[in-house]
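These notes are about the structure you will find just below.
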Amino acid sequence: MPSHRTRRPRAGSQPRRASARSLPVVDETSAGGLVIDVQDGRAVTAVIARRNRGGRLEWCLPKGHLEGTETPEQAAVREIAEETGIHGRVLRHLATIDYWFGGDDHRVHKVVHHFLLEATGGTLTTENDPDHEAEDVAWVDLEEVSRRLAYPNERRIVATAREILVGDG
């Protein structure tokens with residue numbers, strides 16, 4: 001059933017004017033990435049499971065909207081902590097991706113800044129996710145995580161991180 005609610009842009013979003021023949025466009029900016037830990041001599045990363053628009057559970061990298069005057073780096077640290085329970089320190093920027101998706105009454109142009117973070121503490125949990133979007137969270141071996149991730153662009157980001165971590169990037 002179509003929604004007739006008007007979506008209000010979140011912090012980090014910029015509404016755009018659209019032509020009379022097209023849907024209005026909302027710009028959204030998010031940040032997140034890979035938080036890496038070493039467990040039993042193996043590099044692992046925390047990933048979350050959330051429902052897609054069709055209701056299917058998909059594994060993805062933690063990310064979310066910038067709030068207030070946050071930088072992308074600050075938002076990445078906060079979002080990863082909220083969605084995974086793991087605190088991290090940004091090591092470097094990995095990639096910025098953008099994509100489009102739409103609803104019944106608008107289109108969204110989303111830009112997501114992904115960072116590589118080193119885990120500094122915390123306990124794996126989704127209990128601190130204020131939006132309750134993350135339904136599950138897991139540590140996954142860095143060598144295996146691409147097979148679990150739902151989105152090709154996130155698999156490419158993992159490949160970039162692996163190259164950096166093994167000294168090729």
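All residue numbers refer to positions in the sequence shown, counting from 1.
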Any side-chain heavy atom of Cys60 sitting closer than 4.5 Å to one from Ile48?
-> yes

Salt bridge (charged side-chain N to carboxylate O under 4.0 Å, His left out) between Glu118 and Arg89, intermediate numbers included | CA-CA 5 Å; Glu118 170 188 32; Arg89 177 178 66 87; 2.5 Å; yes

What's the verdict on salt bridge (charged side-chain N to carboxylate O under 4.0 Å, His left out) for Arg78 and Glu67, showing C-alpha distance, side-chain angles and the deciding distance?
-> CA-CA 10 Å; Arg78 178 186 50 76; Glu67 293 183 358; 3.5 Å; yes

Between Arg42 and Glu143, is there a side-chain N and carboxylate O pair less than 4.0 Å apart?
-> no

Salt bridge present between Arg156 and Glu154 (N-O < 4.0 angstrom) = no

Side-chain donor-acceptor contact under 3.5 Å, Glu28 with His109 | no

Counting only N and O atoms by type, is there a donor-acceptor contact under 3.5 Å from the side chain of Thr120 to the main-chain atoms of His87?
-> yes

Going by heavy atoms in the side chains, are Phe115 and Ile80 under 4.5 Å from each other?
-> no

Which distance, rounded to the nearest 0.5 Å, do you find between the NE2 of His93 and the NE2 of His114?
-> 8.5 Å

Could you verify whether a donor N or O on one side chain and an acceptor N or O on the other, from Glu82 and Asn128, lie under 3.5 Å apart?
-> no

Would you kindly say whether His113 and Thr96 are connected by a side-chain donor-acceptor distance under 3.5 Å?
-> yes

Test item: Gln74 side-chain N/O and Thr71 main-chain N/O as donor-acceptor pair under 3.5 Å = yes

Are Arg50 and Glu133 within salt-bridge range, i.e. N to O under 4.0 Å?
-> yes

